[in-house]
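Values below: every heavy atom of this structure, side chains too, minus hydrogens, waters and symmetry copies. A, B, ... follow the sequence lines: proteins, then strands. Residue 1 opens every chain.
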Protein chains: 2
Amino acid sequence: MSPQHPARRAATVADIARVAKVSKATAARALGEYGQVSQAVRDRVLAAAEELDYRPNALAKSMNTGRSNTIGVVVGDIENPFFAVAMRGISDVASEAGYSVILINSDETVEAEEAALDVLLDNQVDAVIVAPASSAHVEHLGNAARAGRPLVLLDRRANGEGYDSVTVDNRSAARAATEELLRHGHRRIAFVSTHEYPQPTYQRGHEITMSSVADRVTGFLETLDAAGIDDPERYIQLDARRRGVDVVTRELLQEDPPVTAIIASDSLIAMSVFSTVRSDGLRIPDDVSLIAFDNPAWTAITTPPLTVVEQPIYELGAAAARRALQRVRDERVADAALVFETRLLSRESVGAAPA
Amino acid sequence: MSPQHPARRAATVADIARVAKVSKATAARALGEYGQVSQAVRDRVLAAAEELDYRPNALAKSMNTGRSNTIGVVVGDIENPFFAVAMRGISDVASEAGYSVILINSDETVEAEEAALDVLLDNQVDAVIVAPASSAHVEHLGNAARAGRPLVLLDRRANGEGYDSVTVDNRSAARAATEELLRHGHRRIAFVSTHEYPQPTYQRGHEITMSSVADRVTGFLETLDAAGIDDPERYIQLDARRRGVDVVTRELLQEDPPVTAIIASDSLIAMSVFSTVRSDGLRIPDDVSLIAFDNPAWTAITTPPLTVVEQPIYELGAAAARRALQRVRDERVADAALVFETRLLSRESVGAAPA
DNA sequence: CTGAAAGCGCTTACAG
DNA sequence: CTGAAAGCGCTTACAG
């Protein structure tokens, strides 16, 4: 057992009041630092609290105030560096403002996301930040509003109105990446994502239910269209996780003629593409060029270092938290979509298209 | 404003009871699925709940039961892949058991850790998991026991008795890494850590206040001692963050004679060593060998791929959570130190010592 | 400045 | 199986 006091019943305001010989209300006022208390009484109460090892019960306080000073966050997977960094941003802003954060992973599944939201709302979080697994299945997101708690969408939008969101301009990010490739003479460019997609192959016009991916595809296609590339959607590979990013990569490389450049929709995909290309004996960028979304530190130390689309991930999280707290303080602000810009960081994984 | 109901007062058990025409106790029993309720009454209550969009208040429930079904976690930095993965393990076990987790970063500072613990305890978490910033400053850890909440140490031990801990066998891990280097003929081997250390240079016998680092240093030194290496502690570099890992690496490489191998105490350090070595025009492993602690995916795709000490990080987190929940259920189990083994994964960053 | 009372939204004995 | 009452640990008017 623990070396400390065997932890009998924890001291409460009532206990302090008894010892300090004041009323509960007065003890609470001194302890909670609100209302008026004379110095003498305050000293007595604080001494009693010290003596009894008093520790306020935040839940009891929340019940009265209707504020839990807690914000809930649901992300796809905290193990993913993208979310880990965003979470840091959220966390820092929250802590700074005196808020705690409850984290739940959804595994990018709407069922888990629904359950997570329920748990958070039941636990009376003051606000919730979610990276929605789907922009189409959003009925449950309404629960936050119904429960009177502000909701901020992180990194992805959702269909319908009435949502605050903090995202990145994925469309122009994809455009920039695609243009960079076109500039180097590439004509057969692939876009690889692991977002779940019901069809075996992508069809233009079909809805992609993750707004970040949908926007990237839009930027990708419009750039290729404008360049006069025929049928550019044939090289769009969604749902690469199911078949395996390595398998998908290999297919792309074995087309006739093969793809000469690949845009990876996140750093995990890029890693897999990178190692597949190399283990197949091909060189980057001589045989195939590669651009990755996200800029984790390792992308700078590979051979060659990767050209990437850098996103302000930490800022994304921080901004989402700021927006959420702003809502908590004032419910009457208008819905807003905050959109951050990305930056194409040219390193050495993009080269001239092979002849 | 939100598109949903303007969110007037949320429905409570009392509201449901009124509508269903039963007592609050009965409504609560049906809603909370405890006690006995006739089917007819249950149906009526559930219908009323549906109609009023009822959502239980978990805080109110916690106040009565004394259980919040929440566990608190304080780690150095969730942005660090090590903690992100451990957090995933904690999260998965917690969710599975119906627990939520509140996460707070300490930035490896004991002041923040103290504050974090207070917040968690005040919020009535049922248990707390902490990766203590220091094994020496641990008075505040006793607060958990004093408040009657189980505490499990993650990845690092703390001085004193009465702690549950889940760690890795760092001493033998360091031994294995060092032996691997000796086997390749290295005699001047450095160990680089970013753990804060008060002295400019490490002195044998001085306390290192992070148990993981202390254990690695022990394993490192005893292996070199056994190999008859003279004064092996001269190549121990702690607190590398302050001076910069690149600066420290450069110094090591410019000693006369220079160090021929480096053990990096985590993957972030390894990344920095790796790029410094290369930007200085040296080759790995021809000029200098490198072994990194931790095995993030990128270490397999660098040129050359890195030899690493793989730690079961996810398992570490999961085990800590399991232990915490076990404590929550039964306070009377004995303290335990769970120690996981690591594995040396030989890739290509270790070569023969240059002549 | 201080206190008595009621209340936050549940659960828990205790009766019936 | 159902209900009336008390209680969890605080805060909030309302008096004085």
Could you tell me which residues satisfy side chain to side chain contact (heavy atoms under 4.5 Å, CB included) with B/Leu46, sequence neighbours excluded, listed by chain and number?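 Here the qualifying residues are B/Leu31, B/Arg42.
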Using a 6.0 Å cut-off, check whether atom CD of A/Glu114 has over 12 heavy atoms from anything other than its own residue. yes
By nearest heavy atom, map B/Asn64 and B/Arg29 onto DNA chain C; which one lands nearer the 5' end?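 Its nucleotide being nearer the 5' end, the pick is B/Asn64.
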Does B/Arg55 reach a base, just sugar-phosphate, or nothing at all? Heavy atoms under 4.0 Å. sugar-phosphate
Using a distance-only test with no angle check, is there a side-chain donor-acceptor pair under 3.5 angstrom linking A/Asp43 and A/Gln39?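 Side-chain D/A pair, A/Asp43 to A/Gln39: present.
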B/Leu153 versus B/Asp164: any side-chain heavy-atom pair under 4.5 Å? no
Are A/Asp107 and B/Arg88 ion-paired here, with the side-chain N under 4.0 Å from a carboxylate O? yes
Of B/Ala40 and B/Ala60, the one whose nearest nucleotide on DNA chain D sits closer to the 5' end is B/Ala40
Specify the residue among A/Ala25 and B/Ser38 whose closest nucleotide of DNA chain D lies further upstream toward the 5′ end. B/Ser38
With B/Val45 as reference, evaluate B/Val37, B/Val22, B/Val13 under the side chain to side chain contact (heavy atoms under 4.5 Å, CB included) test and give the passing residue. B/Val22
Could you tell me the boundaries of the chain A footprint on DNA chain C, defined by atoms under 4.0 Å from its heavy atoms?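 Nucleotide range with atoms under 4.0 Å of chain A: C/dC1 to C/dG9.
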So how far is it from A/Ser134 OG to A/Met210 CE, rounded to the nearest 0.5 Å? 8.0 Å
Got a minute to check which stems DNA chain C is part of, using Watson-Crick or G-U wobble pairs under 3.5 Å, three or more consecutive?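 DNA chain C stems, ordered by first number: C:1-3 with D:14-16, C:5-12 with D:5-12, C:14-16 with D:1-3.
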Donor-acceptor check, side chain of B/Asp77 to backbone of B/Glu79, threshold 3.5 angstrom: yes or no?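 At least one qualifying donor-acceptor pair exists.
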